[in-house]
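Keep in mind it's a predicted model, so treat the numbers as computed, not measured. We number each residue from 1, following the sequence as shown. In what follows, every heavy atom counts, from backbone to side chain, and hydrogens, waters and symmetry copies are set aside.
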Amino acid sequence: MADTVTPAVTDPAAGPGSTRRERTGWYFYDWANSAFQTTVITVFLGPFLTTVTELAAGCELGADTCDGAVYPLGIKVAAGSFYPYLISLSVFLTVFVLPVIGAIADRSAHKKRLLAAAAFTGAGATIAFAFVTGERYLLGGALFMIANISFGAAVVVYNSFLPQLGGPDERDGISSRGWAIGYLGGGVLLALNLVAVTMLSEDGNAQRTLDLARWSIVSAGVWWAAFTLVPLRWLRERPGGAVGHGEGGGNVLTDGFRQLGRTLREIKAYPLTLYFLLAFLVFNDGIQTVITLASQYGTEELRLEQGTLIVTILLVQFLAFGGALTLGALARRIGAWKTVLLSLVLWTGVIIAAFRLPAEAPVPFMILGGCIGLVLGGSQALSRSLFSQLIPAGKEGEYYGFYEISDKGTSWLGPLAFGLVFQLTASYRVGLVSLLIFFVVGFALLAAVPMRRAIIAAGNTPPRVL
């Protein structure tokens, strides 16, 4: 696949050798993969897979409550807990996969091929949800795990391009634009699915609703695959700094494992980077859990219609587009670090407000969704650009491999806590309150990071404002 670069087209946000066309290609992968996060993770998969699991547990389709259980591998699991547990299991596996993918990316001269392989694998698994019918909850669970792990692997490679696209003072803006365009893309597909669900659903026909959810999931896989072609065309091949430094003439895969081992031994030389990563893993696990389980909370606890959930998430998507750009602009004035801390205070308020939401009341739920949209994109985009300042040169893929353990759509402690609390109390509201600890502890950890000193310790130049 040929690389197309237009050297004559540049702007002040350009990094060394980057062009507007290349950065636009980079933004477009956010447009492509956000369909999976929004349509699949945030809206349809939780209620869809929970319903399929309830059918397998012997519950009737469309029943208001289900006390049944399933027995994957002989282990008793409440039908309502299967999906949160599945998320935790998939992310547990990514702990072993993503850092290795990052190490391989740093040592590969063909990062775009790695991006293509991961993205098309995840998109293919998502499209295969067309076969998750009847009581096939185990097939749905397996496909989700493949898609979610592949999603994370592709984002690791994608994020490793960021430090090469702009200097220290430009990365907040580049990252924010990527997130904003991603939310816009996810919102467009969700809007199309909203039209389909509204026009094709039938009152009292639970099977039709289930079928529409399945095909909406499939559409996200098609969208993901199709728009991935844009970054594969417009991005330049940007080899990692470790290319050509293998041991003993090994191949990229074995060298990647060796390099990961060395990094794990040497990472203690960057304790402040590790401390920031720990803070991010804690607070972003809470953010991702809210995103992932919002639709399940809305349907099971608040008894809201699927259409209400889709409209709310659609509202979140389009407000997040503006929110990411707004918080990016705020970061230019007060610094990305302070802006992220402010967003965590707002997230704490979101959890408290969600706990107090009345059942069967769509308007308060939509208002809360709008508040989420205003802080969601900015907190994540600025965390990504902040972390890029803390990575030693040439190790972008490896470090983003650790970072991605709790980035888009991947969280494990939050869903695990939520699932355990639900299994013990049978209350989604109590499970939601358990997430407060992630935002409080994450705020405290992030506030304790001396960012300027941490950036210098990693061998990088700090931006003017932090």
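Formation of a donor-acceptor pair under 3.5 Å by the Gln380 side chain with backbone atoms of Trp179 is not found in this model. Judged purely by atom type and a 3.5 angstrom limit, Glu22 uses its side chain to pair as donor or acceptor with the backbone of Arg236. Judged by distance alone, with hydrogens and angles left aside, the side-chain atoms of Lys111 form no donor-acceptor pair with the main-chain N or O of Val157 at under 3.5 Å. In terms of modelled atom types and a separation under 3.5 Å, the side chain of Glu396 and the main chain of Phe161 share no donor-acceptor contact. Distance alone, capped at 3.5 Å, is enough to place a donor-acceptor pair between the Ser388 side chain and the Ser385 backbone. Asn460 places a side-chain N or O within 3.5 Å of a backbone atom of Ile391 that can act as its donor or acceptor partner. Within the 3.5 Å criterion, the main-chain N or O of Ala117 finds a donor-acceptor partner in the side chain of Thr121. In this structure a side-chain-to-backbone donor-acceptor pair under 3.5 Å is present from Glu170 to Gly167.
Taking the ring centroids of Phe283 and Phe439, they lie at or beyond the 6.0 Å cut-off. Proximity of the aromatic rings of Tyr400 and Tyr403 is defined here by a centroid distance below 6.0 angstrom, and this criterion is met. No close placement of the Trp31 and Trp224 rings is indicated, their centers lying 6.0 Å or farther apart.
A distance of 10.0 Å separates CE of Met145 from OG1 of Thr94, quoted to the nearest 0.5 Å. The distance from atom CG of Leu446 to atom CZ of Phe280, rounded to the nearest 0.5 Å, is 10.5 Å. Taking CG from Asn193 and OG from Ser219, the interatomic distance works out to 4.0 Å, rounded to the nearest 0.5 Å. Within the model, atoms OG of Ser160 and CG of Leu115 stand 8.5 Å from one another, a figure rounded to the nearest 0.5 Å. For the atom pair OH of Tyr183 and OG of Ser34, the computed distance is 7.5 Å after rounding to the nearest 0.5 Å. In this structure, Leu315 CG and Phe318 CZ are separated by 10.0 Å, a value rounded to the nearest 0.5 Å.
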TODO: Applying side-chain contact (heavy atoms from CB on, under 4.5 Å), run through Trp347 and Ile372 and close with a yes or a no.
DONE: CA-CA 8 Å; Trp347 272 110; Ile372 290 175; 3.7 Å; yes
TODO: Please lay out, stage by stage, how Val421 and Tyr428 fare under the test side-chain contact (heavy atoms from CB on, under 4.5 Å).
DONE: CA-CA 8 Å; Val421 170; Tyr428 286 102; over 6 Å; no
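Between Arg214 and Ala130, the closest heavy-atom pair is NE-O, 3.6 Å. Among all heavy-atom pairs drawn from Val132 and Phe48, the shortest one is O-CZ, 3.5 Å. Annotation for Phe321 and Ala180: closest pair CD1-O, 3.0 Å, computed over non-hydrogen atoms. Ser383 approaches Phe276 most closely through the heavy-atom pair O-CZ, 3.9 Å. Looking at every heavy atom in both residues, Ser90 comes nearest to Phe144 through OG-CE2, 3.9 Å.
Salt bridge Arg429/Glu301: present, at least one basic N to carboxylate O contact under 4.0 Å. Ion pairing between a basic and an acidic side chain is recognised when a charged N comes within 4.0 Å of a carboxylate O; Arg464 and Asp172 show no such pairing.
More than 12 heavy atoms of other residues, nucleotides or ligands lie within 6.0 Å of CZ in Arg452, so this atom counts as buried by the packing criterion.
For the ring-ring contact (aromatic ring centres under 6.0 Å, His included) test with Phe36, the passing option among Phe227, Phe151, Tyr29, Phe44 is Phe151; the others fail.
Contact annotation: the side chain of Tyr399 never approaches that of Leu390 to less than 4.5 Å [non-hydrogen atoms, C-beta and beyond]. Contact annotation: the side chain of Ser379 never approaches that of Leu344 to less than 4.5 Å [non-hydrogen atoms, C-beta and beyond]. Contact of the Leu346 side chain with the Cys371 side chain is not registered, since no non-hydrogen atoms from C-beta on lie closer than 4.5 Å.
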